[in-house]
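All remarks here apply to the structure that follows.
Not measured: the values here are computed from a predicted model.
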Amino acid sequence: MIRVSHLYCGYPGRPVLRDVNLQVEAGEFVGILGPNGSGKTTLLLALTGILRPEKGTITIDGHRLEDLPSRDRARRIAVVSQDTQVRFPYPCADVVAMGRYPHQGRWRGPTLRDARAVRRAMELTRTLDLAQRPVSDISGGERQRVLVAKALAQDAPVLLLDEATSAMDVHWKLQTFRLLAHLQRKEHKTILAVLHDVNLAAVFCPRLIFLKDGAVVADGPAREVLTPATLERVYDSPAVVYDVPGNGARQVFFVPDTEGAHR
Amino acid sequence: MTPATRSGRNRLLLFWTVAGLLVPAAALLCAAVGPFHVEASRVWRIITHPLDAGSASGIDETARYIVLNVRLARVVLALLVGAALALAGSVYQGVLLNPLADPFTLGVSTGAAFGASLAILGGWTAWRLAGLGTLPLAAFAGAVGALLLVLLLGRVEGRVQTTTLVLAGIIVSTFLSAWISLLKSLNEDSLSTIVFWIMGSLSGRSWQHVLIVLPYLLGGACVIFLYVRELDILALGDIPAHQMGVAVSQVRFRLLAAASLITAAAVAVSGVIGFVGLVVPHLVRLLLGPRHGRLLPAAMMTGALLTLLSDTLARSLLPHGQEIPLGVVTAILGAPFFCYLLLHKKRAVLA
């Protein structure tokens with residue numbers, strides 16, 4: 001479904017991604033991890049056509065990304081981006097409805113289908129009670145839920161998330177990831193989530209990709225990739241990996257090097 | 001439907017009912033104001049004359065001429081210029097995502113003033129082209145020239161970015177202001193003409209001037225209303241808008257070009273009238289919310305009304321037919337009002 005081959009990409013005078021290769025099949029739930037500046041966000045910007053590849057190609061459903069018209073691309077890939085600021089006090093329901101943009105004709109008002117998609121997205125994310133609140137007045141975590149709803153209303157088979165739950169409390173973080181897992185299973189959605197929380201990724205993402213210095217360091221099933229050696233290589237911090245008794249989830253504990261920190 | 005959206009619709013209905021009554025009434029009453037005494041009832045009879053041949057009987061030619069060719073032209077021009085500035089201001093604030101943006105942010109006003117100053121100093125104002133003085137044409141050329149320069153400077157690696165655009169606007173404005181100062185100091189005689197023009201005025205304008213503004217306002221408004229949904233989505237930021245399928249650079253360029261041409265046409269006939277394009281969008285956003293489909297038409301209506309009232313004050317406050325520049329009136333009324341908004345509705349203005 002998504003194929004990235006020999007991708008070199010970055011900003012003028014600052015190359016970031018170096019020879020990235022990866023392939024994501026329809027219905028996968030992939031966590032993308034790595035330290036700050038490792039190229040996670042750059043990868044998502046490349047996958048949505050904002051940054052053009054310097055070398056290499058990105059294809060989605062066999063189409064080169066650059067060849068897809070912007071609305072066509074938006075019908076295939078929806079994004080929850082890191083930037084949650086909205087400049088005017090739109091009611092949250094209006095913001096969610098904006099997600100329908102790539103499905104709407106210029107001369108047609110919102111259809112019943114649009115209204116249904118918006119309502120369903122808000123039900124799934126439990127944001128209906130925020131519907132009439134101005135989006136600039138709610139908390140950061142609430143705003144992230146509204147933006148997840150907007151991306152769901154966009155109704156694309158691929159969903160990319162860039163730190164989409166960073167401001168949510170534990171309850172909503174888990175709730176949101178449960179929802180994503182549900183959509184992956186029931187609706188065969190393809191989900192790529194960039195996140196910092198290794199343990200959250202370990203619980204929900206069957207496949208993990210670790211980036212460091214713009215290259216893929218590890219890529220595979222979560223249980224295979226989560227090893228002390230890989231984690232230490234990626235984060236430069238000693239790590240302990242353990243299985244939670246009772247539910248078998250693999251978790252990571254980064255050992256704070258309290259002795260050596262200020263030597 | 002939730003109660004909140006219903007109250008939103010009621011507000012919209014109320015707004016348009018009030019505006020629909022207020023604007024024609026104000027136009028009629030303002031056309032009755034002036035040193036030559038004509039009552040509102042006679043103005044009404046003169047206007048309806050083409051529909052009802054008997055209505056204007058007994059009204060002398062002078063009154064008829066003054067009402068139709070002087071006052072109504074000026075009333076209509078004030079309405080159009082106000083609508084144009086408020087529309088352009090709303091678009092600028094929406095596209096540049098800057099609450100302090102107004103129709104003159106991208107240097108259109110100083111460009112126009114520069115063109116006008118050149119024309120005044122060069123003595124070209126005496127020439128006539130298609131029944132018009134060259135002054136509005138020179139101003140329009142200056143405005144468009146400045147805009148092109150700003151757009152050229154604002155392009156970074158082929159992409160137009162809002163911050164660079166605003167900076168380019170400031171640079172071009174400052175540069176042209178220096179030239180205007182130089183032109184002013186070169187010729188003391190035309191100083192007052194230039195200054196009066198820069199401060200904005202509708203004094204002595206005719207239907208010809210209405211014809212300059214109207215096509216640009218209509219054409220520009222058509223382009224802008226084509227992109228109201230994109231204007232809403234741009235509020236989420238460039239990257240999210242792009243990811244939702246909006247061709248951000250293209251849409252932004254078209255919106256800015258349309259708004260700037262509207263401004264250029266308005267400035268060409270009226271000089272620089274401040275605060276209408278800055279304050280009206282904020283005011284209407286507070287009343288009706290930020291959705292551009294509602295905001296833009298309502299802002300045009302409000303801008304038209306406020307400019308008409310300000311212009312009527314400008315030409316009637318001083319005795320003996322002396323006029324205050326319209327730009328001075330709008331600034332004196334607009335600045336305190338903007339302060340009020342800032343102090344009491346800070347969150348809404350600087351969201």
Side-chain angles (χ1 to χ4, degrees), chain A residues 11-13 41 44-45 47-51 68-91 93-95 97-107 109-110 115 128-129 131-137 146-147 150-151 153-154 156 160 162, chain B residues 1-8 90 93-99 101 156-159 162 223 225-251 281-282 284-286 288-295 345-351:
Chain A
Y11 310 90
T41 297
L44 283 202
L45 291 181
L47 284 175
T48 48
I50 289 181
L51 292 176
L68 285 178
S70 48
R71 282 153 59 91
D72 190 351
R73 187 196 59 233
R75 283 194 294 269
R76 296 168 195 267
I77 308 176
V79 187
V80 185
S81 72
Q82 220 171 10
D83 179 9
T84 66
Q85 207 190 5
V86 181
R87 296 307 280 266
F88 296 114
Y90 289 95
D94 283 12
V95 174
M98 290 179 197
R100 297 302 297 166
Y101 174 76
H103 299 278
Q104 289 169 331
R106 187 168 295 291
W107 306 108
L128 275 175
D129 53 331
Q132 298 306 328
R133 298 265 302 278
V135 68
S136 41
D137 267 9
V146 170
L147 293 179
K150 186 203 72 168
Q154 201 169 323
L160 305 184
D162 190 1
Chain B
M1 186 178 297
T2 57
T5 56
R6 204 178 305 128
S7 88
S90 310
Q93 288 176 6
V95 173
L96 301 175
L97 295 179
N98 186 333
V156 181
E157 286 144 13
R159 283 171 44 159
T162 52
V223 174
F225 281 102
L226 216 56
Y227 291 111
V228 276
R229 284 186 309 146
E230 282 85 349
L231 261 173
D232 286 336
I233 295 175
L234 284 176
L236 303 181
D238 278 14
I239 290 176
H242 174 99
Q243 289 166 336
M244 290 163 73
V246 176
V248 175
S249 300
Q250 188 193 25
V251 167
H282 286 296
V284 177
R285 230 179 264 120
L286 282 175
L288 299 178
R291 270 164 72 176
H292 287 88
R294 291 178 177 185
L295 170 67
K345 308 275 183 184
K346 201 172 182 176
R347 287 178 55 77
V349 174
L350 299 175

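Most heavy-atom pairs under 4.5 Å with chain A: of the set B:D232, B:I233, B:L97, this distinction falls to B:D232. Of the listed residues (A:A74, A:G99, A:A151, A:S70), the greatest number of heavy-atom pairs within a distance under 4.5 Å of chain B belongs to A:S70. Ranked by heavy-atom pairs under 4.5 Å with chain A, the first of B:G289, B:G245, B:A247 is B:G245. Chain B forms more heavy-atom pairs under 4.5 Å with one residue of A:D83, A:L147, A:L45, A:D94 than with any other, namely A:D94.
For A:I77, the part lying near chain B is the backbone, with the side chain staying farther off; criterion is any non-hydrogen pair under 4.5 Å. Using a 4.5 Å cut-off between heavy atoms, A:V135 does not touch chain B at all. Of the atoms belonging to A:R106, heavy atoms from both backbone and side chain fall under 4.5 Å from chain B. Contacts between B:V246 and chain A at a heavy-atom distance below 4.5 Å involve backbone atoms as well as side-chain atoms. Of the two parts of B:L226, the backbone and the side chain both hold a non-hydrogen atom closer than 4.5 Å to a non-hydrogen atom of chain A.
At a threshold of 4.5 Å between non-hydrogen side-chain atoms, the residues B:L236 and A:K150 count as touching. Side-chain contact check for A:S81 versus B:Q243: some heavy-atom pair is nearer than 4.5 Å. Considering only heavy atoms from C-beta on, B:H242 comes within 4.5 Å of A:R73 through its side chain.
When every heavy atom of A:F88 is checked against every heavy atom of B:G94, the shortest pair comes out as CE1-CA, 4.0 Å.
A:Q104 is linked by a side-chain hydrogen bond (donor to acceptor under 3.5 Å, both in side chains) to A:D114, B:R229, counting only residues two or more places apart in sequence or in another chain.
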